Number of protein chains: 4
Amino acid sequence: MGQRGRQKGSVGVKSKEAILTIAAEEFAEHGFHETKISTIVKKAGLTQPSFYLYFSSKEAIFQELIHTFHHKLIHLTKNSRIEPNLDKNILASKIARGLISIFKFFDDHRHLTKIGFFIADEAEEIKRGMVAHITENLLAEQQDKYFRQDLNMQIVAECIIGAIERLTITKLFTNESTPQQLANEIVDIYLYGLQNTES
Amino acid sequence: MGQRGRQKGSVGVKSKEAILTIAAEEFAEHGFHETKISTIVKKAGLTQPSFYLYFSSKEAIFQELIHTFHHKLIHLTKNSRIEPNLDKNILASKIARGLISIFKFFDDHRHLTKIGFFIADEAEEIKRGMVAHITENLLAEQQDKYFRQDLNMQIVAECIIGAIERLTITKLFTNESTPQQLANEIVDIYLYGLQNTES
Amino acid sequence: MGQRGRQKGSVGVKSKEAILTIAAEEFAEHGFHETKISTIVKKAGLTQPSFYLYFSSKEAIFQELIHTFHHKLIHLTKNSRIEPNLDKNILASKIARGLISIFKFFDDHRHLTKIGFFIADEAEEIKRGMVAHITENLLAEQQDKYFRQDLNMQIVAECIIGAIERLTITKLFTNESTPQQLANEIVDIYLYGLQNTES
Amino acid sequence: MGQRGRQKGSVGVKSKEAILTIAAEEFAEHGFHETKISTIVKKAGLTQPSFYLYFSSKEAIFQELIHTFHHKLIHLTKNSRIEPNLDKNILASKIARGLISIFKFFDDHRHLTKIGFFIADEAEEIKRGMVAHITENLLAEQQDKYFRQDLNMQIVAECIIGAIERLTITKLFTNESTPQQLANEIVDIYLYGLQNTES
DNA sequence: CATGAATGAGAGTTCATTCAT
DNA sequence: CATGAATGAACTCTCATTCAT
């Protein structure tokens, strides 16, 4: 089991991963321009040229991180299609489950999330993708009469993404709320509205 | 009336304003680091040393723009306190009016908004201020029983700011929607929720 | 005569010219790669960023020098067309005059010549141009029966350029021969050949 | 015959030769500085440290190629002394034979020739050697009255080398002319001159 | 005989900022 | 009020070369 001297995690791979991890940290905390290659390699215990052994440029590693984030996010999204024929209670919990998985994902990948969802120029595009996906789901459910017929679901999707965005920064990354709590609150707010229906 | 030799619109004031306007444009479009002083002064028909006649540093002019945005925003907020004792219909239109004034303000100051609400590190703090203000209002209305008692109004406020943020970028700044439309849709969504109550 | 404070040779112009002169020297002596911007500016009494005040890159200044050389060379060539209807003696001295002007030009611009005629990749193309020009002249004279009818004048032109090239390096730049001497020797060799016709 | 374990064509020798061949190609095409060790070893299917198994430095392999060229060239020259007492026709063909062998040699070793005759700093010295050798031959023949007495044979030799140089690049390496053709044209031009002697 | 991994040393370039006028 | 000219301080990136295996 495992060849001698060639086990996964060989030195080079480790160095590359170290650089990636540290770069994610630095980019997340300081943004693209304020992050220096010199800092990254120093923290990784390497010298500058080593960086270029693994990445062709500062842009390249940044893009790689964005790509990783986007890729994982898409993967997540694919496995979360809502199946039809649910009653209303199940719908709520179903939506909540989707939101939980997103918040959990963000929570598990805080650095990547900061980079790909907040810092990168591509963040806008990534969000557009999520909005499209959510819109699609909402429309299906709207057609099945679970939702009001007079709502513009794209606008709704934008609102939800905006809510996710804000809560991720202010509640999730500050450890003030858990993914579950956030998901439930969003469902509660968006499904039933603010209005006091008990006279 | 008017001081000798220093009437408003004198060369210096004009130059400073030209720089501010162009800087706002550039920062809004390219962000802080990608904006070069050399570009700003070139567009203003000046040379680099002139820049330092009016601003002590690149940081300083950026801060001045942020400050201007923040200041105007606070001024806006002050004039929009919700007075008590409204019936529900009036409440909706009252909230809408608040949102309209925000969207209008953003629309009228696109460059400043991009800078102060999306680009600056201080954006987070500015949003926090808005959230606090909204939360306050929502709590008052919640106590007056206009809103459901079981909602965490701070979370609601965050969601609303998130929605404003997203819609500003994707609908307002793209000229796809007007402040009125956006305000109404937000009110509609947040007040009544998605849930189909008919049938 | 001459405006105060704006006479030609203002500081900036002087700096640029200093850099150009020194750069020509350095490139001529050490070639493109071995020439360092740091050395050039040091010799000009400036710091590195100043270089970029006047030239956009190391490549750019090198190209500018090549261009200057090429431009001057073309100018020289234009003013040296051989007019028709000469008797043979006059032809010889006419050709000599052309060669003298070339050697003189090379002698007066040793650094530029080394760069544009020997170091630059573009040297080949520049020589091609000269060969074309010489070929043209030779062909005209061949048609006028001054030269043997059975010679391939392009080959002749290549030989002449080759001779000029070699003699420039080994006799002119070493101060062993003057332009006049070299021109006469070339005319003598190429016009009458090596063969001993006496006896 | 053949040492144990060290027969010619062993792995090491093959690798060294592969490197030499590829290096010659690269240096010839791109010059010294633009040729990267990394490129050479990649093309040879080796890694960088292997290079240093066979050559002590980039300079060293370049020198080795120059040396090889120079060595072969000297060897060629040694076997081409012109024996005395020829009549004029035989002289012409004798000279042609010498030139043919040079052009053939250059043609057979295009990469080495580009390096040793055109790229290397040492090219100048190598040419000086050839000029000396040719001068010597020309002087002997001049003393034997085959050539005009009033010619400076060193200058003639420089012209011939210049012609060889140019024609090698523009006619031989472009496959536009064969060694025979070039040799004959040179002999024709230099021996009899351009001048039209008929009528 | 060969390589994976790493580095010392340095090059070109950029930009906010300032001095002298 | 404005500018021509210059610079300090960095930064990204490259490449020949070497160590340990």
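Note that this is a predicted model, so its numbers are computed, not measured. Just so it is clear: chains get the letters A, B, ... in the order the sequence lines come, proteins before strands, and each one is counted from 1.
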For A:K14 and E:dA6, what is the distance between atoms NZ and C1' respectively, to the nearest whole Å? 16 Å

Would you please name every residue forming a side-chain contact (heavy atoms from CB on, under 4.5 Å) with D:T35, sequence neighbours left out? D:E26, D:F27, D:H30, D:I40

Protein-nucleotides 9-13 of chain F N/O pairs under 3.5 Å:
residue, atom, partner, partner atom, Å
F:dT12, OP1, A:K58, NZ, 3.4
F:dC13, OP2, A:Y52, OH, 2.8
F:dC13, OP2, A:K58, N, 3.0
F:dC13, O5', A:Y52, OH, 3.4

Runs of at least three Watson-Crick or G-U pairs with DNA chain E, cut-off 3.5 Å: E:2-21 with F:2-21

Mind checking what makes side-chain hydrogen bond (donor to acceptor under 3.5 Å, both in side chains) contact with B:E124, not counting sequence neighbours? A:R166

B:E29: which residues meet the side-chain hydrogen bond (donor to acceptor under 3.5 Å, both in side chains) condition with it, sequence neighbours left out? none

Rounding to a whole Å, what distance do you find between B:K42:NZ and F:dG4:C1'? 15 Å

How would you list, by chain and number, every residue that makes a side-chain contact (heavy atoms from CB on, under 4.5 Å) with A:Q48, sequence neighbours excluded? A:I37, A:S38, A:V41

Give the rounded distance in Å between these two atoms: CZ of C:F55 and P of E:dT14. 15 Å

Taking side-chain hydrogen bond (donor to acceptor under 3.5 Å, both in side chains) as the test, write out the residues that go with C:K127, two or more places apart. C:E165

Find the distance A:L46:CG to E:dG4:P and express it as a whole number of Å. 18 Å

Plane angle bin for A:H71 and A:H67 - parallel if under 30°, tilted between 30 and 60°, otherwise perpendicular: parallel

Looking across every strand, which nucleic acid part, if any, lies under 4.0 Å from A:Y54 by heavy atom: base, sugar-phosphate, or nothing? sugar-phosphate

From CD1 of C:I40 over to C1' of E:dG12, roughly how many Å is that when rounded to an integer? 12 Å

Of B:T47 and C:S15, the one whose closest DNA chain F nucleotide lies more 5': B:T47

Residues that D:I74 engages under side-chain contact (heavy atoms from CB on, under 4.5 Å), provided they are two or more places apart: D:H70, D:K78

Verify the contact: side-chain N or O of B:S50 to OP1 or OP2 of F:dC1, cut-off strictly under 4.0 Å; return yes or no. no

Hey, what's the ring geometry for C:F62 with C:F32, parallel, tilted or perpendicular (30° and 60° as the breaks)? perpendicular

With C:H109, which residues qualify under side-chain contact (heavy atoms from CB on, under 4.5 Å), at least two apart? C:K72, C:F105, C:L112, C:T113

Nearest whole angstrom, please: distance from the P of F:dT14 to the CG of A:L53. 12 Å

